[in-house]
2 protein chains.
Amino acid sequence: MSRASDRAYGAIRNMILSGELPAGAQLGEEALAEMCGVSRTPVREALRRLEADMLVGRTDTQRTFVADWSIDDVADAFELRAMLESRAARRAAERMTDAAMARIRGANRSLATAIQQSVPDVAGFLDGNREFHAIILEVAGSRRLAALLGTLIEQPVVLRTARQYSREELRRSHAEHEELTAAFARRDGAWAEAIMTSHILRAYHAYADAHRARLDAGMTQEAAE
Amino acid sequence: MSRASDRAYGAIRNMILSGELPAGAQLGEEALAEMCGVSRTPVREALRRLEADMLVGRTDTQRTFVADWSIDDVADAFELRAMLESRAARRAAERMTDAAMARIRGANRSLATAIQQSVPDVAGFLDGNREFHAIILEVAGSRRLAALLGTLIEQPVVLRTARQYSREELRRSHAEHEELTAAFARRDGAWAEAIMTSHILRAYHAYADAHRARLDAGMTQEAAE
DNA sequence: GACATGGATATTGTATACAAATGCCATCGG
DNA sequence: CCGATGGCATTTGTATACAATATCCATGTC
């Protein structure tokens, strides 16, 4: 990852995911190049990749801007992710190995540790979660499926709301991971597929609830100003 | 489409889809630039896009080559396409408009005309087929779904075998389009979804049969040499 | 005063030069 | 004869200069 275009990609991506670059912001190549300490050439490559990820969009005249995700876009992405990731779970269950089981259990353990702290370690939770899903995708053994899911996993709005997850939500997510693990241990593809569908759609509704709550809060705040 | 990078993308893509650039061939940026009459910069952009399409791959040291599709890769792509495109069909049925119905019927008419020639007009068939599926995707109204399917629709091996479709296969494909049209006319999402799944998977098996036949023929030919 | 027009300014697209790395091949040593 | 090593050729990565295009603002006209 020492190539300049990779650094630019990572840097811009982080700025978008963190919200430092807000939705709708214009992305001038020159300005980004200076921010990343590289020339425009690698920045242009990075922007193309981010465009494929649908994290940035383009006007009809090739001006680049941070993509603005409507609530419908998010719902759409979650539904597609539920479909694809549950398929990955089924394939993974059918091809599961003992070595992969051990890694999955390890990921779940660190995830459990993260949520049992007196103050839940959300970053640790997200890391364990990411690893869990990555192992499933790896065992599923479809490069194409992995490529399709790649653009769906990290969504800017979602990451920011994940930090507001209640302990109860974290606990439920962990419980679902344990149930998925049981399905994998039994090599039961249909079971794994069903739990994964439910897991993703529950996460979507947790997001949607948080989104509504934030909208209400925002409106209250605006009214107060 | 007058930008140099678009021309390069189209030109290289056609060379891959037509088989002019065979699977596994090294793709030197300089050589491609000369072929397309542009400089390396737009060629590099085109290669990145083709990489996202999974039409080209990269070695661990960044050398680019034409992707080699195993029979398993093709099966994988067809299964994913069946899943995604049947979802598109369901959404399209639920959102269908009279105007879109008219366009779908028009695409089917030109498709019917193409296969009724004394010598079937396969290019015309493929055009009508493409338009039919494009309208469905448009009516489905999910930009993200369209983006995911974009990388799955045109596969090099498939296009080349489509030209060997028998009249019977073309006729069956057209019959399935008519049945899909009926499902759309009834706004019946479940029906449309089921037919589309079947439509894609039948097309896969037609491909797989042709592939096996070609393998046999190839082996015979080799033995004869 | 509103709108069109023109030019200055900013931004993107392409070409090219150069730097870095990779691969190939010949030569040398065992 | 086989393998390792060094250097040359090729290829990719990055920066920069220049060209084409879009945006914006000011000016002039109705």
Side-chain angles (χ1 to χ4, degrees), chain A residues 1-16 20-68 143 147 150-151 156, chain B residues 1-16 20-68 143 147 150-151 156:
Chain A
M1 262 281 247
S2 71
R3 279 170 27 256
S5 68
D6 289 333
R7 271 191 297 136
Y9 174 78
I12 299 169
R13 189 165 189 274
N14 283 338
M15 287 191 282
I16 293 174
E20 189 177 336
L21 288 171
Q26 294 281 344
L27 297 173
E29 295 175 357
E30 192 72 52
L32 292 173
E34 194 165 350
M35 282 189 216
C36 302
V38 298
S39 79
R40 273 180 55 215
T41 309
V43 167
R44 286 174 62 82
E45 278 199 20
L47 287 177
R48 295 287 190 195
R49 286 167 65 186
L50 292 164
E51 196 183 346
D53 295 345
M54 297 187 78
L55 286 176
V56 311
R58 273 175 194 276
T59 67
D60 51 353
T61 76
Q62 302 297 100
R63 251 80 174 167
T64 310
F65 57 91
V66 179
D68 192 4
R143 288 192 356 272
T151 70
Chain B
M1 263 279 248
S2 72
R3 282 178 13 263
S5 69
D6 288 333
R7 272 190 298 136
Y9 175 78
I12 299 169
R13 189 163 189 273
N14 284 338
M15 288 192 281
I16 293 174
E20 190 177 338
L21 289 171
Q26 295 281 344
L27 296 174
E29 295 175 357
E30 192 71 52
L32 292 173
E34 194 165 349
M35 281 190 220
C36 302
V38 298
S39 79
R40 274 180 54 215
T41 309
V43 167
R44 287 174 63 82
E45 279 199 18
L47 286 177
R48 285 278 147 86
R49 287 167 66 186
L50 291 163
E51 196 183 346
D53 294 346
M54 297 187 78
L55 286 177
V56 312
R58 272 175 195 274
T59 67
D60 51 353
T61 77
Q62 301 297 101
R63 251 78 174 168
T64 310
F65 56 92
V66 179
D68 192 4
R143 286 189 1 270
T151 70

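The sequence lines fix the lettering, A, B, ..., with proteins before strands; numbering per chain opens at 1.
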**Request:** Specify the closest pair of heavy atoms between B:Gly24 and B:Phe65, including all atoms of both residues, with the distance to one decimal.
**Result:** O-CB, 3.9 Å
**For the student: nearest non-hydrogen atoms of A:Ala23 and A:Ala67, plus distance** = CB-O, 3.7 Å
**Prompt:** Between A:Gly37 and A:Thr61, who's closer to the 5' end of DNA chain D by nearest nucleotide?
**Reply:** A:Gly37
**Asked** If you pin A:Ser39 and A:Thr59 to their nearest nucleotides in DNA chain D, which one's is more 5'?
**Response** A:Ser39
**Item:** Distance-only donor-acceptor test (3.5 Å): side chain B:Thr41, base C:dT16
**Value:** yes
Atom-pair distance ([atom1] on [X]; [atom2] on [N]), nearest Å:
| X | N | atom1 | atom2 | answer |
| --- | --- | --- | --- | --- |
| B:Glu45 | C:dG13 | CD | C1' | 8 Å |
| A:Phe65 | C:dT11 | CZ | P | 16 Å |
| B:Arg58 | D:dT11 | CZ | P | 15 Å |
| A:Asp6 | C:dA21 | CG | C1' | 15 Å |
| B:Arg3 | C:dT12 | CZ | P | 12 Å |
| B:Arg44 | C:dG13 | CZ | P | 16 Å |

**Prompt:** Tell me, do B:Met54 and B:Thr151 make a side-chain contact under 4.5 Å, heavy atoms counted?
**Reply:** no
**Prompt:** Taking the side chain as C-beta and beyond, is there a heavy-atom pair between A:Leu32 and A:Leu47 under 4.5 Å?
**Reply:** yes
**Message:** Looking only at the side chain of A:Arg40 (C-beta and beyond, no hydrogens), which of the listed nucleotides D:dT14, C:dG23, C:dG13 gets closest?
**Reply:** C:dG13
**Request:** Would you mind telling me which of D:dT12, C:dT14, D:dT23 lies closest to the side-chain atoms of B:Gln62?
**Result:** D:dT12
**Request:** Using a cut-off of strictly less than 4.0 Å between a heavy atom of the residue and any atom of DNA chain D, enumerate the qualifying residues of residues 20-36 of chain A by number.
**Result:** none
**Asked** Between atom CD1 of A:Ile12 and atom CG of A:Leu27, what is the distance when rounded to the nearest 0.5 Å?
**Response** 7.0 Å
**Asked** Pairs in or reaching into residues 27-40 of chain B: which pass side-chain hydrogen bond (donor to acceptor under 3.5 Å, both in side chains), with residues at least two apart or in two chains?
**Response** B:Glu29-B:Arg40, B:Glu29-B:Arg44
**Prompt:** Between B:Arg49 and B:Asp6, is there a salt bridge with N-O shorter than 4.0 Å?
**Reply:** yes
